[in-house]
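Note that this is a predicted model, so its numbers are computed, not measured. Numbers here simply count residues along the sequence, with the first being 1.
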Amino acid sequence: MSGSAHSTVLSGARVVLPTGTVAGGRVIVDGDRIAGSAHEGAEVVDLSGHWIVPGFVDMHNHGGGGASFTSGTAEDVLKGVRTHREHGTTTLVASTVTGDLDELARRAALLAELTQAGEIAGIHFEGPFINPCRKGAHKEDLLRDPDPAEVRKLIDAAHGAARMFTLATELPGGLDSVRLLAEHGVIAAIGHTDATYEQTRAAIDAGATVATHLFNAMPPLAHREPGPIAALLEDERITVELINDGTHLHPAALELAFHHAGAHRVALITDAMDAAGFGDGTYHLGPLEVEVKRGVARLVEGGSIAGSTLTLDTAFKRSVTLDKLPVESVVQAISANPAKLIGLYDEIGSLEPGKYADLVVLDAAFDLKGVMRRGEWIVNPAS
């Protein structure tokens, strides 16, 4: 696609690039890509007083808009995807929850089709290979030890769309499963774990590269038993997921993670469930009933936190305004780092010529005003 009909210049904004922020910068969109130069007669959109940042990349998300990625039809999944796109998430990995292995394989086949269609960026299997004592919102009688053969079954069922598995790597078969995932180019993420510091180090050495929602569903940091948190924070090979919704983490825990890991090793995620962008009420996360009150999702039985109702535009604003993190650091954690992890940084994750025109427009208060995905406005800042 070329010519002025498909060429747009977004001008006057503060543009966050990998090299830093450019005041009064511009982003040139040609068709579905970012271009290095504009066509004669291109449309000019004045975004003075705004920020332009790369589209957000969420690598851990169970649903939204009243729809679940863990059950329902392809149209249900698309409804959730559309909801998150309206909040700036232009790339999304769909997360499952613990279920029967055959059921998960069938789910993977459906999500694989949506991956091939370009609607989602792959599949994250959260469970069933997790520790019962750190199960969170997972059905205990469906949990199982990691078995490389069963992990391989789900990889195969995903037809190349498997991006990540969350495992309790201290369980029997855990390290062998990590090695298998590494061999297949799939992220092994340590989470819902009761591992010791030493066991976590062993999993990292075996090939694990991500900490699933650091601090949550794992032993707390203690001075004589530092546990997984210390091991995950100190190792340069690990990227730590953080849920910045004000419920999952105290601001001091978020600051601790950014300080010790550095912005280059943080991925801001939502861990969202159906109620994200939808509202309070009763929902299901896999087979478990969830009650959402005042935006906080908890299991009806037991009261465990059951995912979040977070959208990434809220996480972005909170990180900059309440947590006082540099905008460039938040962009790194919410766009570039997850794009690199899921192997798509050559196409998304930064505002560079040749990449998809995926971007978010924020006003001076960091409220979302525009979302573009592949050159098309999802939310038009002129509206």
State plainly whether the residues K369 and D367 are in salt-bridge range, i.e. N to O under 4.0 Å.
no
When rounded to the nearest 0.5 Å, the distance separating OG1 of T196 from CD of E225 is 9.0 Å
Considering all heavy atoms, the nearest G277-T83 contact
CA-CG2, 4.1 Å
Passing candidate, salt bridge (Lys or Arg N to Asp or Glu O under 4.0 Å) with E119, options K79, R82, R85:
R85
Of all the heavy-atom pairs spanning A211 and L232, show the shortest one and how long it is.
CB-CD1, 3.7 Å
Is the backbone N or O of G173 less than 3.5 Å from a side-chain atom of S177, with the two atoms forming a donor-acceptor pair by type?
yes
Answer yes or no: is there a side-chain heavy-atom contact under 4.5 Å between I348 and V57?
yes
For residues S319 and N244, is any side-chain donor paired with an opposing acceptor at under 3.5 Å?
yes
Please examine the side chains of L268 and N337, heavy atoms only from C-beta on, and report whether any two atoms are closer than 4.5 Å.
no
Is D30 salt-bridged to R33, cutoff N-O under 4.0 Å?
no
SB check K153 D102 (cutoff 4.0 Å)
yes
With respect to L359, which candidate in V53, V371, V15, L10 satisfies the side chain to side chain contact (heavy atoms under 4.5 Å, CB included) definition?
L10
Using the rule given for side chain to side chain contact (heavy atoms under 4.5 Å, CB included), can you reason through I305 versus N216, listing the C-alpha separation, both sets of side-chain angles and the distance that settles it, and then say yes or no?
CA-CA 10 Å; I305 294 176; N216 299 116; 5.6 Å; no
Quick one: does any side-chain atom of R298 pair with a main-chain N or O of G303 as donor and acceptor, under 3.5 Å?
yes
One pair to check against side chain to side chain contact (heavy atoms under 4.5 Å, CB included): E289 and H284. What are the steps and the verdict?
CA-CA 5 Å; E289 192 173 17; H284 281 85; 4.1 Å; yes
What one should report as the nearest heavy-atom pair of P338 and A267 is CD-CB, 4.4 Å
Any idea how H138 and H192 line up, ring-wise: parallel (<30°), tilted (30 to 60°), or perpendicular (>60°)?
perpendicular
Kindly indicate whether the side chain of R163, heavy atoms from C-beta on, has any atom under 4.5 Å from the side chain of M59.
no
Can a salt bridge be assigned to the pair D205 and R237 using a cut-off of 4.0 Å between side-chain N and carboxylate O?
yes
Please report the shortest heavy-atom distance between G127 and T98, naming the atom on each side.
CA-OG1, 3.3 Å
So, the side chain of R201 versus the backbone of A231: is there a donor-acceptor pair under 3.5 Å, distance only?
no
Do you know the tightest heavy-atom contact between L154 and F125?
O-CZ, 3.9 Å
Determine, step by step, whether V292 and Y283 satisfy the side chain to side chain contact (heavy atoms under 4.5 Å, CB included) criterion, reporting the C-alpha distance in whole Å, the side-chain angles of both residues, the deciding distance to 0.1 Å, and the verdict.
CA-CA 8 Å; V292 179; Y283 299 86; 3.6 Å; yes
Spell out, as yes or no, whether a donor-acceptor pair under 3.5 Å connects the side chain of R373 to the backbone of T90.
yes
Quick check: do H50 and P381 have side-chain heavy atoms less than 4.5 Å from each other?
no
Would you say I28 and V360 are hydrophobically clustered, going by side-chain heavy atoms of ILVMFWY under 4.5 Å?
no
Do V16 and L351 touch side chain to side chain, with heavy atoms closer than 4.5 Å?
no
Any side-chain donor paired with an acceptor under 3.5 Å for D58 and T270?
yes
Above 12 or not: heavy atoms from other molecules or residues under 6.0 Å from CD of E301?
no
Quick one: are R179 and D176 in side-chain contact, heavy atoms under 4.5 Å?
yes
Positive for side chain to side chain donor-acceptor pair (under 3.5 Å) with H124, one of T166, T212, T96
T166
Electrostatic pair E183-R152, nearest N-O below 4.0 angstrom:
no
With a sphere of 6.0 Å drawn around CZ of R134, does it hold more than 12 non-hydrogen atoms of other residues, nucleotides or ligands?
yes
For the student: nearest non-hydrogen atoms of V379 and E86, plus distance:
CG2-O, 3.7 Å
Within-4.5 Å side-chain heavy-atom neighbours: H60 and V93
no
Do I269 and M164 sit in one hydrophobic cluster, given that two such residues count as connected whenever their side-chain heavy atoms are within less than 4.5 Å of each other, even indirectly?
yes
Do we see a donor-acceptor contact under 3.5 Å between the side chains of T21 and E328?
yes
Side chain to side chain contact (heavy atoms under 4.5 Å, CB included) for L221 and L233? Distances and angles first, verdict last.
CA-CA 11 Å; L221 186 66; L233 279 177; 5.9 Å; no
Residue from T311, T89, T91, N61 passing side chain to side chain donor-acceptor pair (under 3.5 Å) with H84
N61
For residues E126 and H62, is any side-chain donor paired with an opposing acceptor at under 3.5 Å?
yes
With a 4.5 Å heavy-atom cut-off, do K355 and Y345 have their side chains touching?
yes
Going from CG on D274 to CG on L285, what distance comes out if it is rounded to the nearest 0.5 angstrom?
7.0 Å
